[in-house]
*Asks:* 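Below you will find the structure I want to go over with you.
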Amino acid sequence: MMFWSVRETLLLLAAAIVIDWCVGDPPRLPHPVVGIGKLIGLLERLLLRGSGSRTVTRLKGAVLALTVVAATALLMWGLCLLAYRIHPWAGFAVNAWFISTTIAVKGLKDAAMLVYEPLRQGDLAQARKMVGRIVGRDTDGLEEREVARAAVETVAENTVDAFVAPLFFALIGAAPLAMLYRAANTLDSMVGYKNEKYRDFGWASARLDDALNWIPARVTSALLALTAACSRNASGRRAWRAIRAFAHLHPSPNSGIPEAAVAGALGVELGGTNRYGGVVSERARLGWPLRPLEADDIVRTVRLMYGVSCWLAGGLLCVWLSLEL
């Protein structure tokens, strides 16, 4: 049997969340995203040979996006089909494992804490180095508050990209659709830039990522506000107000939602001046600066992210239990 019932799918997603909580991304095991990245790089080199008009370049970018997401989903579907034919529980295990590789709550927490610990100990140089591994902006010369802001924004945004969104698509189509989403997200992170090289070539990848994240970003905002409402150090009401007041100011139709929610929940201001390759980029300021950002806000944001994962895992199990009764 290739497709699972609703009850089995709910249990499958809950299992994937627990695997991520406990195991994360084992460094010794090959990660599917690495393979997706190599495929993107290979196709990019082939498609960008020679020159062409803006329309031709956009068409090449669309070919890249469609080829990568289709190949990823079909390969994952084939692996799942093979596992199901061996045994239904083999199919369950393969599905759960590969879905767990599309989410990264533990990985995000670990990366954020590698920034927090040196920041807390006053080792600003090491904190800059660690935050440079998880953000695209220039980190040399960042002050403590800006390092904290970079880490907080990354965790907030990736609560959508690295948790809610892949699970949303896994709910619809198990590992094949979860991996399709991860392929689209990887495309955006590699070619979805608005610079001279990728403005046209990466247009399709960026728009695809925006479309796939539209619903998950809004689901995440509700879960962040709910988590904040249950926290002693955050405000759910202020999170909702910040989403309505600031989210639309962000250049992304989705990223501003979780960032505004976290800014409002914590009572801090996110956004501001970033530098990318030495070029200054002014981002909209999100939230009300009721107090200055500090290193502990990294931990608070990680807790909000874990709260979202707990609400989602708990919700899946509750629905599963209600269907079993």
Side-chain angles (χ1 to χ4, degrees), residues 37 40-41 44 104 107-108 111-162 185-203 205-207 209-210 213 217 242 246-264 266 268-289 291-302:
I40 294 169
E44 178 187 349
L108 275 172
M113 296 308 291
L114 287 175
V115 179
Y116 169 72
E117 288 298 337
L119 206 58
R120 182 178 63 86
Q121 296 168 9
D123 189 349
L124 186 55
Q126 180 68 7
R128 289 169 179 163
K129 179 181 178 181
M130 291 298 104
V131 81
R133 295 181 178 181
I134 59 174
V135 299
R137 72 194 68 173
D138 300 341
T139 58
D140 293 341
L142 289 184
E143 296 180 356
E144 178 180 342
R145 191 174 301 174
E146 289 300 299
V147 171
R149 176 170 73 87
V152 167
E153 289 173 353
T154 296
V155 174
E157 180 180 353
N158 281 283
T159 302
V160 179
D161 296 359
N185 191 246
T186 306
L187 278 162
D188 181 59
S189 67
M190 291 181 66
V191 303
Y193 298 103
K194 295 181 179 179
N195 55 28
E196 184 178 351
K197 181 178 181 180
Y198 292 121
R199 183 175 289 108
D200 295 319
F201 186 69
W203 178 86
S205 295
R207 296 292 76 77
D209 185 70
D210 287 343
N213 275 318
F246 300 106
H248 67 281
L249 301 176
H250 197 282
S252 165
N254 302 312
S255 298
I257 296 173
E259 289 186 24
V262 168
L266 299 182
V268 299
E269 183 181 77
L270 299 178
T273 303
N274 298 333
R275 287 177 173 80
Y276 300 90
V279 178
V280 175
S281 174
E282 186 67 28
R283 293 294 179 91
R285 298 177 185 271
L286 312 176
W288 301 278
R291 59 175 181 80
L293 262 166
E294 58 186 12
D296 285 343
D297 286 314
I298 299 173
V299 177
R300 296 181 184 115
T301 307
V302 168

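Everything numeric in this text was worked out from a predicted model, so none of it was measured.
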*Asks:* May I have the step-by-step check of side chain to side chain contact (heavy atoms under 4.5 Å, CB included) for Val299 and Met113, ending in yes or no?
*Replies:* CA-CA 8 Å; Val299 177; Met113 296 308 291; 4.3 Å; yes
*Asks:* Considering residues at least two apart in sequence or located in another chain, which fulfil the salt bridge (charged side-chain N to carboxylate O under 4.0 Å, His left out) criterion with Glu282?
*Replies:*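 In terms of salt bridge (charged side-chain N to carboxylate O under 4.0 Å, His left out), with neighbours along the sequence ignored, Glu282 is linked to Arg285.
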*Asks:* In Å and rounded to the nearest 0.5 Å, what is the CG to CG distance from Leu286 to Leu249?
*Replies:*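 It comes to 7.0 Å.
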*Asks:* Which pair of heavy atoms, one from Pro253 and one from Ile257, lies closest together, and at what distance?
*Replies:*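 That closest heavy-atom pairing would be O-CD1, 3.9 Å.
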*Asks:* Of all residues at least two apart in sequence or in a different chain, which pass the ring-ring contact (aromatic ring centres under 6.0 Å, His included) check with Phe246?
*Replies:*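 For Phe246 the ring-ring contact (aromatic ring centres under 6.0 Å, His included) partners, ignoring immediate neighbours, are Trp288.
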*Asks:* Would you check if the side chain of Arg300 reaches a backbone N or O of Val262 as a donor-acceptor pair within less than 3.5 Å?
*Replies:*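 Not a single qualifying donor-acceptor pair exists.
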*Asks:* What is the distance from atom CD of Glu44 to atom CG of Leu187, rounded to the nearest 0.5 Å?
*Replies:*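 These two atoms lie 10.0 Å from each other.
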*Asks:* Determine, step by step, whether Thr273 and Val280 satisfy the side chain to side chain contact (heavy atoms under 4.5 Å, CB included) criterion, reporting the C-alpha distance in whole Å, the side-chain angles of both residues, the deciding distance to 0.1 Å, and the verdict.
*Replies:* CA-CA 7 Å; Thr273 303; Val280 175; 3.7 Å; yes
*Asks:* Asp210 and Arg207: which non-hydrogen atoms are nearest, and at how many Å?
*Replies:*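 Heavy atoms only, the tightest pair is OD2-NH2, 2.8 Å.
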*Asks:* For salt bridge (Lys or Arg N to Asp or Glu O under 4.0 Å), just list the numbers for Asp123 and Lys129, CA-CA rounded to whole Å, side-chain angles, deciding distance to a tenth of an Å, and then say yes or no.
*Replies:* CA-CA 10 Å; Asp123 189 349; Lys129 179 181 178 181; over 6 Å; no
*Asks:* Using modelled atom types and a 3.5 Å cut-off, is there a donor and acceptor pairing between side-chain atoms of Arg283 and backbone atoms of His250?
*Replies:*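 Pair absent, no side-chain N/O of Arg283 close to backbone of His250.
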*Asks:* If a pair satisfies salt bridge (charged side-chain N to carboxylate O under 4.0 Å, His left out) and one of its residues is in residues 111-121, list it, with sequence neighbours excluded.
*Replies:*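 Sorted pair list: Glu117-Arg120.
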*Asks:* Once you round to the nearest 0.5 Å, how far does CZ of Arg149 lie from CD of Glu144?
*Replies:*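 Rounded to the nearest 0.5 Å, the CZ-CD separation comes to 14.0 Å.
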*Asks:* Work out which heavy atom in Ala151 is nearest to a heavy atom in Val131; give both atom names and the distance.
*Replies:*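 Ala151 and Val131 have their closest heavy atoms at N-CG2, 4.0 Å.
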*Asks:* Where is the tightest heavy-atom contact between Ala263 and Gly287, given as atom of each residue plus distance?
*Replies:*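 Smallest interatomic distance, heavy atoms only, reads CB-CA, 4.0 Å.
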*Asks:* Starting at CG of Asp161, measure out to OG of Ser189 and round the result to the nearest 0.5 Å.
*Replies:*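 So the gap between those two atoms works out to 9.0 Å.
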*Asks:* Answer yes or no: is there a donor N or O on one side and an acceptor on the other, between the side chain of Arg137 and the main chain of Tyr276, under 3.5 Å?
*Replies:*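 A pair under 3.5 Å: no.
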*Asks:* Please confirm whether the backbone N or O of Glu157 pairs with a side-chain atom of Glu259, one donor and one acceptor, at under 3.5 Å?
*Replies:*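 Not at all, since once roles are kept as given, no pair shorter than 3.5 Å links the two residues.
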*Asks:* When you check the gap from the basic side-chain N to the acidic O, do Glu146 and Arg275 get nearer than 4.0 Å?
*Replies:*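 Looking at Arg275 together with Glu146, the answer is no, because their closest N to O distance does not fall below 4.0 Å.
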*Asks:* Under the criterion side-chain contact (heavy atoms from CB on, under 4.5 Å), which of Ile298, Val147, Leu266, Leu270 is the partner of Leu293?
*Replies:*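 Checked Ile298, Val147, Leu266, Leu270 against Leu293; only one passes side-chain contact (heavy atoms from CB on, under 4.5 Å): Leu270.
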*Asks:* Which heavy atom of Thr139 sits nearest a heavy atom of Gly132, and at what distance?
*Replies:*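 Looking at all heavy atoms of both residues, the closest pair is CG2-CA, 3.7 Å.
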*Asks:* Any side-chain to backbone donor/acceptor pair from Asn195 onto Tyr198? Under 3.5 Å, distance only.
*Replies:*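 The answer is yes, because a donor-acceptor pair under 3.5 Å joins these two groups.
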*Asks:* Go through Asn254 and Val160 one step at a time and tell me if the side chain to side chain contact (heavy atoms under 4.5 Å, CB included) criterion holds.
*Replies:* CA-CA 9 Å; Asn254 302 312; Val160 179; 5.9 Å; no
*Asks:* Between Gly277 and Asp138, which heavy-atom pair has the shortest distance, and what is it?
*Replies:*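 Closest approach of Gly277 to Asp138: N-OD1, 3.0 Å.
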*Asks:* Would Arg145 and Glu269 satisfy salt bridge (Lys or Arg N to Asp or Glu O under 4.0 Å), going step by step from the backbone distance to the final call?
*Replies:* CA-CA 11 Å; Arg145 191 174 301 174; Glu269 183 181 77; over 6 Å; no
*Asks:* What's the separation between atom CG in Asp296 and atom OG1 in Thr301, rounded to the nearest 0.5 Å?
*Replies:*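 Spacing of CG (Asp296) from OG1 (Thr301) equals 10.5 Å.
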*Asks:* So, the side chain of Asp188 versus the backbone of Asn185: is there a donor-acceptor pair under 3.5 Å, distance only?
*Replies:*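 Here the side-chain-to-backbone pair does not exist.
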